[in-house]
Number of protein chains: 2
Amino acid sequence: MLEVVILGSGNVGNHLVQRFEKSTDVNVIQWYNRNLPNINSFPKSIIKTNNINNLLEADIYIIAVNDDKIREVSSKLKFNNRLICHTSGSKNLKELSSKNRRAVFYPLQTISKSSDINNIKTPFCIECENKDDTKILEKLCNSIDSKFYNINSKQREKLHLAAVFVNNFTNQMYSIAKEITDENNIDFDILKPLILETANKINNLDPKSVQTGPAIRGDFETIKKHINNLTDIKHKSVYKILSSLINKDYEKL
Amino acid sequence: MLEVVILGSGNVGNHLVQRFEKSTDVNVIQWYNRNLPNINSFPKSIIKTNNINNLLEADIYIIAVNDDKIREVSSKLKFNNRLICHTSGSKNLKELSSKNRRAVFYPLQTISKSSDINNIKTPFCIECENKDDTKILEKLCNSIDSKFYNINSKQREKLHLAAVFVNNFTNQMYSIAKEITDENNIDFDILKPLILETANKINNLDPKSVQTGPAIRGDFETIKKHINNLTDIKHKSVYKILSSLINKDYEKL
């Protein structure tokens, strides 16, 4: 049984507590947060504290706080040589205080408090200073049936950037589409099966190999019509630059 | 029982034949294609022809050919006053010859021959010149358990544009991400659960309300780092313009 202390009550902290609570191989023995009311409601079996000097002894301390608070929180810990990890995609392992055994335990997923933990798969990016600690974090992932990948800090920075494209910017594509449907009294729901299938399609196929649409076809007439139809000047720019990435012939026009 | 003739053997033609073959309320009585070998293999029960003068009498003729061939194919039909429809997202209903009852039956989905018709939902955009024909196309959708929406040609043009954003351009986001992971020896598979969840999330929520990431947070330090990390100058431009759409403060910097 792995004993874990969670620090922080944001989306990731909450998600991890819920995940671990469902596992018979992990025990969240304590949950720390500056503001007790944020964590007091759930789950009752876990000891809560807002005093960072009172942390219990555990196998792993997971610091799930805002990126800019990682350094401060890890420095305040009153013990040495224990396994501590942060959960950030963009911060180096060295952001953590070196008085403890440092690691990263980054869930590569878009997690909100409303996420249904029964239906969401979360792979973890693991990075440890000490080889033996890697095994502990792997065991932690196995205990919640999650895939894990060994990703160093330099790779994680790039991966986080890639995640911005597939999550933040893809969601922005959905927003632009919704603006277009709203403007034209079209039910946005009609696009949802297409959105899902677009994501499903690359489960087995390289995105380059499934690219479709006017740009890849070289259908410059439709492209021109589409650009004319867009009312937002920035949307026009997005359309143009993405089309020129899909088809290099486009920019020659 | 609705009797249907399909014209064309592209992705849409193939998909429709397979869908209708599974329904007990529709009968594909004939499949036309210029090149017989493209359609001869499947399914054996359907009569095939490459002679457009030999089409059987049917309730609906579905012209699933390339956009630029719709006019020509519909003009060549040797009968009048029957219900004919094209399946294009971007062409007006009037692209069809007026000697027949014109309609549009546009499947809003990314369809390839490898698509698993058992797991793919396809809503249809319906437009008819005659009210009574709307009922026939609605019946056709019901027979294959597909949702339908009444969308006129002007709306369909905008919807097709919105579909370019959620399909073609979203897929381009996936391609950029794959370039980044490939460049850094990271397994692209690690991003797939995030890609799926990003799509799933807007099933019940407005994309604007679930926007996350450095841009919406106003985390300009991370944005700067990300732009420096991108090696492709166009990817930098995409990053900048999408960030400025997500957060209007970004462009003021």
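Letters A, B, ... mirror the listed sequences (proteins, then strands); counts begin at 1.
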Is it the side chain or the backbone of [X] that comes within 4.5 Å of chain A heavy atoms, both, or neither?
X	value
B:Asp68	neither
B:Glu183	neither
B:Ile195	both
B:Thr222	side chain
B:Tyr239	both
B:Val164	side chain
B:Lys178	side chain

Would you say [atom1] of [X] has more than 12 non-hydrogen atoms from neighbouring residues, nucleotides or ligands within 6.0 angstrom?
X	atom1	answer
A:Lys234	NZ	yes
B:Lys236	NZ	yes
A:Arg34	CZ	no

Could you check which of [options] has the highest count of heavy-atom pairs closer than 4.5 Å to chain A?
options	value
B:Ile111, B:Leu230, B:Ile151	B:Leu230
B:Ala177, B:Ser244, B:Pro193	B:Pro193
B:Gly213, B:Ala215, B:Gly89	B:Gly213
B:Leu159, B:Thr181, B:Asn119	B:Leu159

To the nearest 0.5 Å, what is the distance between [atom1] ([X]) and [atom2] ([Y])?
X	Y	atom1	atom2	answer
A:Asn167	B:Thr198	CG	OG1	3.5 Å
B:Lys158	A:Ile186	NZ	CD1	9.0 Å
A:Phe169	B:Leu242	CZ	CG	5.0 Å
B:Leu245	A:Ser175	CG	OG	9.5 Å
B:Ile180	A:Glu157	CD1	CD	11.5 Å
B:Tyr174	A:Gln211	OH	CD	11.0 Å

Given heavy-atom pairs under 4.5 angstrom as the criterion, report whether the side chain, backbone, both or neither of [X] touches chain B.
X	answer
A:Leu161	both
A:Asn200	both
A:Asp219	neither
A:Lys208	both
A:Ile176	side chain

Legend entry - Backbone N/O of B:Ser90 and side chain of A:Lys225: donor-acceptor pair under 3.5 Å: yes
Legend entry - Side chain to side chain, A:Thr212 and B:Asn171, heavy atoms closer than 4.5 Å: no
Inset, instruction - Could you please spell out the steps behind the side chain to side chain contact (heavy atoms under 4.5 Å, CB included) verdict for B:Phe165 and A:Val238? - result: CA-CA 10 Å; B:Phe165 279 89; A:Val238 171; 4.0 Å; yes
Legend entry - Smallest separation among heavy atoms of B:Leu191 and A:Ala162, with atom names: CD1-CB, 3.9 Å
Inset, instruction - Would you sort out whether B:Cys125 and A:Ile190 count as a side chain to side chain contact (heavy atoms under 4.5 Å, CB included), showing the intermediate values? - result: CA-CA 9 Å; B:Cys125 301; A:Ile190 195 173; 3.4 Å; yes
Legend entry - B:Asn168 vs A:Ile216, side chain to side chain contact (heavy atoms under 4.5 Å, CB included): CA-CA, chis, key distance, verdict: CA-CA 9 Å; B:Asn168 308 156; A:Ile216 195 88; over 6 Å; no
Inset, instruction - Walk me through it: do B:Ser112 and A:Lys201 pass the test side chain to side chain contact (heavy atoms under 4.5 Å, CB included)? - result: CA-CA 10 Å; B:Ser112 53; A:Lys201 217 167 186 172; 3.5 Å; yes
Legend entry - Presence of salt bridge, B:Glu197 and A:Lys121, under 4.0 angstrom: no
